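As structure tokens, the structure follows; a few thoughts come after it.
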Amino acid sequence: MSYFASFQLTPSAERTIRADWYRPLGAASQGTVLVAHGYKGFKNYGMFPRIGELLSESYDAVVFNFSHNGVGEELTEFTELEKFARNTCSLEQEDLLALVEAVAGGTLSVGGGEQPRADRLFLLGHSKGGGGALLFGLDHPELVDGVISWNGISSFDLYSEEEKRLMREAGRAFTVNARTKQQMPLDRVILEDLEANAERFNLVGRIGGLRVPAALIQGERDGKHLLAGSAWLKEAQPELEWLMVPHGDHRFNTVHPYEGDTEAFLEAIRLTREWLDRHSK
């Protein structure tokens, strides 16, 4: 397993997707896994580089930032809050599509001209990224071979009633980043996107029509609302695999800055690799 290269994808002047590619050494890749972070997340946060390292024992792993996640060239700080303020679900789906198409088409600008494996493609998302991965699988079943949601959401409405009131009435609300203490802006466009796409973003209502293999991998100590959401998804789509990690919390007991692997995190990786191995044949 090895970190191989960083690259950028720029679908438009306003959108830069920053990514790290981890590739297998000494063995043929069994496929490519795109790893998506969640709300207020980024590719260099906590466990994410380690996910890339461990998955790359058998797979090409691409760990990336959504273009409007608020983290810029510094990679570890929220320095692009005006972009964060406009980070709609639709925009994240456009980023995913651009990345999937670049991998599938072998058009990434990576040193040496080498490319991740293009003919087997999986999505792995954490928290909001997990919900986004499921949504992408629903919208584009022809483009992916499977989806894994780690402690994922079942609803994209992540905002308090007060935040939504301020977005609607004042045009902007703020959410506190518990770690950095930053006041992070949320503009009305986020709420408008949720409302305009209510049917499309209804994961529980749509999941019964999912046409690609999918798994929910979840810590048994994840948030109660997230556990309840997974139960609703499983009820609506019995073919979903719902795999529990004993004693695992929302980040599988890891922290930022990263302080090493935990038992729960390694179990999540084991379950993920076993699932990928079964579906990459």
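This structure is a prediction, so every number in the text was calculated from the model and none was measured.
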d(Asn253 CG, Asp261 CG) to nearest 0.5 Å is 12.0 Å
Is there side-chain contact between Asp139 and Arg200, with heavy atoms separated by less than 4.5 Å?
yes
Does Leu75 belong to the same Ile/Leu/Val/Met/Phe/Trp/Tyr cluster as Val35, with side-chain heavy atoms less than 4.5 Å apart forming each link?
no
Tell me whether Glu74 at atom CD has more than 12 heavy atoms from other residues, nucleotides or ligands lying less than 6.0 Å away.
yes
Shortest non-hydrogen pair, Ala264 vs Pro246, comes out as CB-O, 4.3 Å
Are Asn65 and His37 close enough that some pair of their side-chain heavy atoms sits under 4.5 Å apart?
yes
Check whether any side-chain N or O of Gln115 sits under 3.5 Å from a backbone N or O of Leu108 as a donor-acceptor pair, and report yes or no.
yes
Leu240 side, atom CG; Leu233 side, atom CG - distance, nearest 0.5 Å
6.5 Å
Can Gln30 and Asp277 be counted as having a side-chain donor-acceptor contact under 3.5 angstrom?
yes
Checking side-chain contact (heavy atoms from CB on, under 4.5 Å) for the pair Leu97/Leu143: CA distance, chi angles, key distance, verdict?
CA-CA 9 Å; Leu97 180 60; Leu143 297 181; 3.7 Å; yes
Under a plain distance cut-off of 3.5 Å, with no hydrogens placed, do Ser12 and Glu14 share a side-chain donor-acceptor pair?
no
Closest heavy-atom contact between Ser154 and Leu203?
O-CB, 3.6 Å
What are the two closest heavy atoms between Gly137 and Val147, and how far apart are they?
CA-CG2, 4.2 Å
Can you tell which of Leu276, Thr32, Leu34 makes a side-chain contact (heavy atoms from CB on, under 4.5 Å) with Phe122?
Leu276
For Asp95 and Ser67, does a side-chain donor sit closer than 3.5 Å to a side-chain acceptor?
yes
What distance do Glu241 atom CD and Lys234 atom NZ have between them, rounded to the nearest 0.5 Å?
7.5 Å
Arg168/Glu195 salt bridge by N-O under 4.0 Å criterion:
yes
Assess whether atom CZ of Arg179 is packed by more than 12 heavy atoms of other residues, nucleotides or ligands within 6.0 Å.
yes
Given the side-chain rings of Phe42 and Phe78, with only the six-membered ring counted for Trp, is the space between their centroids under 6.0 Å?
yes
Check Glu274 with Arg278, please: is the shortest side-chain N to carboxylate O separation under 4.0 Å?
no
Any side-chain heavy atom of Val63 sitting closer than 4.5 Å to one from Pro49?
no
Using modelled atom types only, decide if a donor and an acceptor are shared between the side chain of Lys40 and the backbone of Ala178 within a distance under 3.5 Å.
no
Residue pair Arg206 / Glu199, side-chain heavy-atom distance below 4.5 Å:
no
Taking side chain as C-beta onward, heavy atoms only, is His68 less than 4.5 Å from Thr88?
no
We want to know whether Ser280 and Tyr59 form a side-chain donor-acceptor pair, criterion being a heavy-atom distance below 3.5 angstrom.
yes
Might you confirm whether atom CD of Glu162 has over 12 heavy atoms from other residues, nucleotides or ligands at distances under 6.0 Å?
yes
Do side-chain atoms of Asn69 reach the backbone of Gly41 as a donor and acceptor pair under 3.5 angstrom?
yes
Can you say whether the rings of His126 and His250 are parallel (under 30°), tilted (30 to 60°) or perpendicular (over 60°)?
tilted
Are Leu55 and Asp60 close enough that some pair of their side-chain heavy atoms sits under 4.5 Å apart?
no
Please determine if Asp145 and Arg120 form a salt bridge, counting it only when a charged side-chain N lies under 4.0 Å from a carboxylate O.
yes
From Asp20 CG over to Asn44 CG, what is the distance, rounded to the nearest 0.5 angstrom?
6.0 Å
Hey, quick one: are Val212 and Leu216 part of the same hydrophobic cluster, counting side-chain heavy atoms closer than 4.5 Å, chains of contacts allowed?
yes
Check this for me, if you would: do Arg172 and Glu82 make a salt bridge, where the nitrogen-to-carboxylate-oxygen distance has to be below 4.0 angstrom?
yes
Any luck finding a side-chain donor-acceptor pair between Ser127 and Asn151 under 3.5 Å?
no
Would you indicate whether the side-chain heavy atoms of Tyr159 and Asp157 approach each other to under 4.5 Å?
yes
For Gln218 and Ser230, which I'm curious about, is there any donor-acceptor pair between the side chains at under 3.5 Å?
yes
Thr272-Trp150 side chain donor-acceptor pair, cut-off 3.5 Å:
yes
Rounded at 0.5 Å granularity, tell me how far CG in Asn87 sits from CG in Leu186.
10.0 Å
Side-chain ion pair, Arg251 and Asp249, N-O less than 4.0 Å:
no
Could you label the plane-to-plane angle of the Phe64 and Phe66 rings as parallel, tilted or perpendicular, counting under 30° as parallel and over 60° as perpendicular?
perpendicular
Under the criterion side-chain contact (heavy atoms from CB on, under 4.5 Å), I'd like the reasoning laid out for Arg15 against Thr10: C-alpha separation, chi angles, the key distance, then a yes or no.
CA-CA 6 Å; Arg15 291 163 56 203; Thr10 308; 5.9 Å; no
Ignoring hydrogens, what is the shortest heavy-atom contact between Gly130 and Ser149? Give both atom names and the distance.
CA-OG, 3.4 Å
What I want to find out is whether Lys164 reaches Glu169 closely enough, with some N-O distance under 4.0 Å, to be called a salt bridge.
no
Would you say Glu220's side chain and His247's backbone share a donor-acceptor pair under 3.5 angstrom?
yes
Tell me the closest heavy-atom pair linking Ala118 and Val103, and the distance in Å.
CB-O, 3.3 Å
Going hydrophobic residue to hydrophobic residue with side-chain gaps under 4.5 angstrom, can you get from Phe201 over to Leu96?
yes
Enter the distance from Glu235:CD to Gln237:CD here, rounded to the nearest 0.5 Å.
12.0 Å
Around atom CD of Glu77, are there more than 12 heavy atoms of other residues, nucleotides or ligands at under 6.0 Å?
no
Apply side-chain hydrogen bond (donor to acceptor under 3.5 Å, both in side chains) to residues Arg273 and Ser58 and explain how you reach the verdict.
CA-CA 9 Å; Arg273 290 185 59 182; Ser58 304; 3.2 Å; yes
Any chain of hydrophobic side-chain contacts (each under 4.5 Å) joining Val189 to Leu166?
no
Using only atom types and a distance under 3.5 Å, with no angle test, would you say the side chain of Glu163 pairs donor to acceptor with the backbone of Ser160?
yes
Asp193 side chain to Cys89 backbone, donor-acceptor under 3.5 Å:
yes
Minimum-distance pair of heavy atoms, taken over all atoms of Ser109 and Phe7
O-CB, 3.6 Å
With salt bridge (Lys or Arg N to Asp or Glu O under 4.0 Å) as the test, would you mind laying out the steps for Arg211 and Glu142 before giving the verdict?
CA-CA 9 Å; Arg211 292 165 43 201; Glu142 74 285 359; 6.0 Å; no
Donor-acceptor under 3.5 Å (His279 side chain, Trp275 main chain)
yes
Quick one, Gln93 and Leu135 - any side-chain contact, counting heavy atoms below 4.5 Å?
yes
Check this for me: Trp242, atom CH2, are more than 12 non-hydrogen atoms of other residues, nucleotides or ligands nearer than 6.0 Å?
yes
Go through the steps for Phe265 and Ile51 under the test side-chain contact (heavy atoms from CB on, under 4.5 Å), then give the verdict.
CA-CA 9 Å; Phe265 173 72; Ile51 295 172; 3.8 Å; yes
